[in-house]
Amino acid sequence: MKLILILSALFGASLCLETFVGHQVLRIKTRNGEEIKKLQLLESLEHLELDFWINPSTPTRPVDVRIPANCVQAVKAFLESHGIRYSILIEDLQVVLDKEREDMAYSQRDRSSTTFNYGAYHSLDSIYEELDHLVSEYSTLVTKLQIGESYEKRPLYVLKFSTGGSNRPAIWLDAGIHSREWVTQASAIWIAKKIASDYGKDPSVTSLLNKMDIFLLTVSNPDGYVFTHTTNRMWRKTRSKNQGSLCVGVDPNRNWDAGFGGPGASSNPCSDSYHGPHANSEVEVQSIVNFIKNHGNIQAFLTLHSYSQLLMYPYGYKCTEPADQDELDALGRAAASSIQSLYGTTFTVGSICTTIYQASGGSIDWSYDYGIKYSFAFELRDTGRYGFLLPANQIIPTAEETWLGLKTIMEHVRDNSCGFGEKVHECPPERCVGGVYTARPRPLTMKIPLVFAALVAAACSEQLFVGDQVLRVTASDEEQLTLLRALGEQDEFQVDFWRHPTRPGHPADLRVPFPSLRGVKVFLESNSISYSIMIEDVQELLDEEKKAMARSRRIERSINTFDFASYHTIDEIYTWMDVLVDDHPSLVSKLQIGQSYENRPLYVLKFSTGGWKRPAVWLDTGIHSREWITQATGIWTANKIAEAYGRDPSVTAILDSMDIFFEIVTNPDGFAFTHSSNRMWRKTRSVNASSRCVGVDPNRNWDAGFGGSGSSSNPCSETYRGPYAHSEREVKAVVDFILGHGNVKSVISIHSYSQMLLFPYGYKTAPAPDHQELSEVAKKAVNDLAAVYGTKYVYGSIADTIYVADGTTVDWAYDNGVKYSFTFELRDTGRYGFLLPSTQIIPTATETWPALLDIMVYVLEHPY
């Protein structure tokens with residue numbers, strides 16, 4: 001045996017490989033909390049250089065630890081002196097490593113130039129070559145994307161499995177985030193081949209890929225993986241340098257922005273669970289975060305680890321149940337049953353915290369908090385006999401059984417996935433609203449970006465919302481409802497209701513300034529009013545929005561095109577209108593119907609094939625200036641109308657008989673103010689006599705039940721109706737145009753958010769005379785909208801569906817003879833509210849278009 005050990009040491013030295021001669025892996029079984037504390041003390045003794053493969057957490061869970069040869073006796077003596085039981089799992093780690101390397105060498109000698117051995121472990125270069133081979137072999141299904149680079153500049157390659165289409169619902173799968181867990185990368189390669197080869201053969205895979213895309217990152221931590229092959233087979237972390245420390249690397253599964261820096265992660269750079277200097281500090285993690293966010297329609301996040309035979313769901317950074325506990329647990333158990341059906345391998349199912357231990361900064365906690373409901377982490381074979389050194393002859397059986405579990409989850413996601421941006425899960429108690437998870441708490445390391453944002457905003461005289469939160473509040477009875485309304489009238493709190501309190505059980509959303517947070521939460525808690533945090537920090541979303549706009553402008557300047565997937569200023573929108581008119585001079589013209597309070601022009605696009613005062617449809621967006629998704633949707637829709645004429649039979653038929661008038665920026669002063677000073681501004685910018693507060697709610701200013709209970713007489717209120725009906729120039733200009741035209745048959749006003757299609761009345765609860773017909777039109781429209789991405793809309797009268805609201809556009813239009821009067825409330829249901837990311841502009845516009853077309857076709861076919 002000595003000769004073998006000497007040869008092994010010499011062989012390792014020749015390759016600059018760290019050797020593990022005489023290292024043992026012990027399995028320790030604790031009986032109580034006191035013994036757990038003893039092991040945690042042992043873990044803290046850095047000079048022992050212990051490598052815990054399974055950390056001490058609860059008495060019911062075994063602990064596996066690798067011990068260097070020179071410390072084996074000391075550790076055993078420690079355990080025995082405290083009566084802590086242990087057994088030897090691996091007698092000599094180097095013997096196992098030598099066998100592993102021998103198997104790899106044999107596989108490489110045996111491999112022909114055209115055959116990849118899925119039953120062997122491979123180097124990074126070999127894996128990347130196989131990715132190229134898969135792309136070449138399945139070119140109509142598989143493509144390779146580079147989503148970034150590692151710290152050492154290795155590419156991060158993702159395989160995309162897709163049958164076509166843009167930004168379809170998708171599943172994310174990654175492996176190898178902990179580099180020493182070789183069976184995960186090996187399983188991922190096998191699974192990639194399985195997906196590609198089964199399409200068109202396996203009905204389940206075929207139906208899945210006909211509806212969704214799959215993105216597979218086979219090697220999430222390439223630097224670490226290379227290091228396990230060249231230097232240290234037991235390496236777990238990334239290879240980034242840590243300032244002020246000789247120790248290298250960060251645990252990439254403690255680096256995500258989900259409870260970052262909390263329990264289960266270390267602040268010591270020498271620890272294998274070091275969380276890094278700040279969340280997403282590792283380029284490998286940041287690249288995935290950016291990809292997921294930019295895609296915007298990931299429905300499942302699945303990550304492969306080893307070992308322990310576990311299937312886990314959130315949370316790890318806290319020990320409270322996720323909102324979807326029952327569904328995730330049932331789905332996990334179904335997947336575990338599928339795994340067991342092949343070889344009898346049993347998996348334990350549960351949340352991370354209850355199944356193993358509390359671990360902050362994990363990937364699936366981040367994905368779940370970000371809104372990806374189906375977030376699971378697999379811990380593959382085995383339960384400790386080989387640990388991270390699973391023999392190569394177990395790769396294919398491991399991959400085969402894992403695939404069955406993955407497929408069970410993917411089938412469920414396929415059958416239960418939502419449209420772009422819509423989430424179906426219920427709200428967790430901490431920070432989720434409207435079935436969509438909100439951003440996670442901001443770590444302390446965000447102070448620098450906040451200071452920078454403050455300096456930039458100060459230079460531009462822009463109002464900041466640092467630390468402001470958006471709460472979702474639900475009153476359980478009329479008494480709590482009254483209290484919420486009273487809260488809104490308390491000037492000292494300056495709360496901004498994004499969705500107003502209307503009835504018990506109906507959620508209200510309110511933005512609370514940072515200085516008022518404690519007072520508002522105390523008020524709610526003291527009155528037993530339930531609430532959750534929808535947006536943890538409003539400024540964070542605003543900063544992201546500004547960055548996206550800046551990127552878009554750079555691209556637009558470089559290629560001289562208009563980016564419909566970006567938000568734009570009023571000047572950019574008005575310039576684009578001129579381009580649209582120039583491109584379609586025989587169809588599109590630009591009218592000025594008046595001026596705003598600050599003397600900005602009120603432009604309307606007219607789509608017409610000729611004739612005088614033909615029947616017409618009126619469309620407007622952006623009457624509430626902060627609802628940026630509406631103006632952006634308006635731009636896309638205007639372009640769609642112009643491009644579709646002569647190509648789309650419905651659009652052609654409409655414009656051959658009717659005109660369309662489209663006011664894209666209905667409240668230009670407010671819109672300009674949202675860009676220059678206050679992103680949350682809703683009203684006009686008119687000066688109110690005898691009040692320091694500026695502006696009127698232009699959708700409470702119409703002569704339809706004006707001055708009723710659904711608006712405010714307080715000039716400082718966001719729903720201030722104004723001194724009299726049509727006091728606002730922006731409203732009066734539209735009134736004069738529609739009355740002056742005399743043949744407008746439909747008024748469609750587009751707002752956000754809540755995913756609703758509404759019709760009169762709002763100022764009274766009595767049904768409109770045409771209630772039944774309007775309801776049928778709305779029903780078809782929302783069904784056709786949902787057919788695009790699955791986005792669900794509620795429809796009904798304003799008063800019945802949301803609340804009594806007087807002085808609104810569509811009520812005025814209906815009372816003035818415009819029968820087909822509708823209001824859209826676009827995406828979303830509360831995850832982002834008025835701050836919908838620009839990645840959702842085109843999907844929102846795309847799904848809204850068939851609903852608009854339904855209404856316009858109906859108006860054409862039902863003259864009156």
Side-chain angles (χ1 to χ4, degrees), residues 4-26 49-54 64-72 89-108 119-127 150 152 154 175-189 218-239 247-253 270-273 304-308 379-382 384-395 398:
I4 294 174
L5 292 180
I6 292 168
L7 288 173
S8 176
L10 290 173
F11 181 69
S14 70
L15 295 176
C16 300
L17 277 170
E18 184 174 340
T19 60
F20 297 88
V21 176
H23 289 222
Q24 290 188 348
V25 177
L26 303 187
E49 296 183 334
L50 303 181
D51 175 12
F52 278 86
W53 289 11
I54 297 179
D64 295 347
V65 57
R66 175 179 62 82
I67 308 170
N70 61 328
C71 297
V72 166
L89 282 180
I90 299 177
E91 184 75 35
D92 190 311
L93 190 64
Q94 191 62 47
V95 173
V96 181
L97 291 175
D98 290 343
K99 180 66 167 65
E100 181 180 69
R101 193 160 288 279
E102 183 182 322
D103 289 344
M104 283 185 68
Y106 178 81
S107 171
Q108 288 162 4
Y121 293 118
H122 293 274
S123 67
L124 183 70
D125 289 342
S126 296
I127 291 174
S150 67
E152 293 177 346
R154 293 181 174 90
I177 196 167
H178 287 148
S179 49
R180 65 186 175 186
E181 298 169 5
W182 281 12
V183 75
T184 68
Q185 299 95 332
S187 293
I189 290 290
T218 55
V219 185
S220 303
N221 178 7
D223 296 347
Y225 188 63
V226 168
F227 198 69
T228 62
H229 282 266
T230 62
T231 310
N232 180 348
R233 174 62 178 86
M234 291 295 100
W235 191 260
R236 164 187 169 100
K237 300 189 288 182
T238 62
R239 293 294 301 163
C247 296
V248 171
V250 166
D251 182 342
N253 204 42
C270 297
S271 168
D272 265 346
S273 59
L304 302 183
H305 291 248
S306 77
Y307 60 99
S308 284
E379 293 279 356
L380 306 187
R381 293 190 185 186
D382 57 5
R385 168 63 185 89
Y386 293 100
F388 302 123
L389 304 176
L390 197 70
N393 61 17
Q394 292 197 41
I395 291 172
T398 300

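Being a predicted model, the structure only gives us computed values, none of them experimental.
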Requested in this report: For Arg239, check side-chain hydrogen bond (donor to acceptor under 3.5 Å, both in side chains) against everything at least two apart and list the hits.
Outcome: none
Report summary line: Between the CG atom in Asn221 and the CH2 atom in Trp235, the distance rounded to the nearest 0.5 Å is 10.0 Å
Query - All salt bridge (charged side-chain N to carboxylate O under 4.0 Å, His left out) counterparts of Glu100, not counting sequence neighbours - result: Arg233
Report task. Name all residues meeting the side-chain hydrogen bond (donor to acceptor under 3.5 Å, both in side chains) criterion together with Ser220; count only those two or more places apart in sequence or in a different chain, and write none if there are none. Result -> none
Query raised in the report: Given Phe227 and Asn232, is the side-chain contact (heavy atoms from CB on, under 4.5 Å) satisfied, shown in steps?
Result: CA-CA 6 Å; Phe227 198 69; Asn232 180 348; 3.8 Å; yes
Requested in this report: Using the test side chain to side chain contact (heavy atoms under 4.5 Å, CB included), find all partners of Leu93 that sit at least two apart in sequence or belong to another chain.
Outcome: Phe20, His23, Val25, Trp53, Arg66, Ile90, Leu97, Met234, Leu389
Query raised in the report: Can you name the nearest heavy-atom pair linking Leu89 to Gly384, along with the distance?
Result: CD1-O, 3.0 Å
Requested in this report: For Asp64, enumerate each residue passing the side-chain hydrogen bond (donor to acceptor under 3.5 Å, both in side chains) test, keeping only those at least two apart in sequence or located in another chain.
Outcome: Arg27, Tyr307
Query raised in the report: Considering residues at least two apart in sequence or located in another chain, which fulfil the side-chain hydrogen bond (donor to acceptor under 3.5 Å, both in side chains) criterion with Glu49?
Result: none
Report task. Check side chain to side chain contact (heavy atoms under 4.5 Å, CB included) between Ser273 and all other residues, then give those that pass, not counting sequence neighbours. Result -> Asp251, Arg254, Ser266, Ser271
**Report entry** Worked check of side-chain contact (heavy atoms from CB on, under 4.5 Å) between Tyr121 and Val183
**Finding:** CA-CA 8 Å; Tyr121 293 118; Val183 75; 3.9 Å; yes
Query - Asp382 side chain vs Gly387 backbone, donor-acceptor pair below 3.5 Å - result: yes
Requested in this report: Run through His122, Lys99, His229 and flag the one making a side chain to side chain contact (heavy atoms under 4.5 Å, CB included) with Met104.
Outcome: His229
Query raised in the report: Sequence neighbours excluded, which residues qualify as side chain to side chain contact (heavy atoms under 4.5 Å, CB included) partners of Glu91?
Result: Gln24, Ile88
Query raised in the report: Would Gln185 and Thr228 count as a side-chain contact (heavy atoms from CB on, under 4.5 Å) if you check the C-alpha gap in whole Å, the side-chain angles of each, and the deciding distance to 0.1 Å?
Result: CA-CA 13 Å; Gln185 299 95 332; Thr228 62; over 6 Å; no
Report task. I would like to know whether Arg154 and Tyr225 meet side-chain contact (heavy atoms from CB on, under 4.5 Å); could you show each step before the answer? Result -> CA-CA 11 Å; Arg154 293 181 174 90; Tyr225 188 63; over 6 Å; no
Requested in this report: Just jot down the side chain to side chain contact (heavy atoms under 4.5 Å, CB included) partners of Thr184, sequence neighbours excluded, or say none.
Outcome: Ala175, Glu181, Leu304, Ser306, Leu380
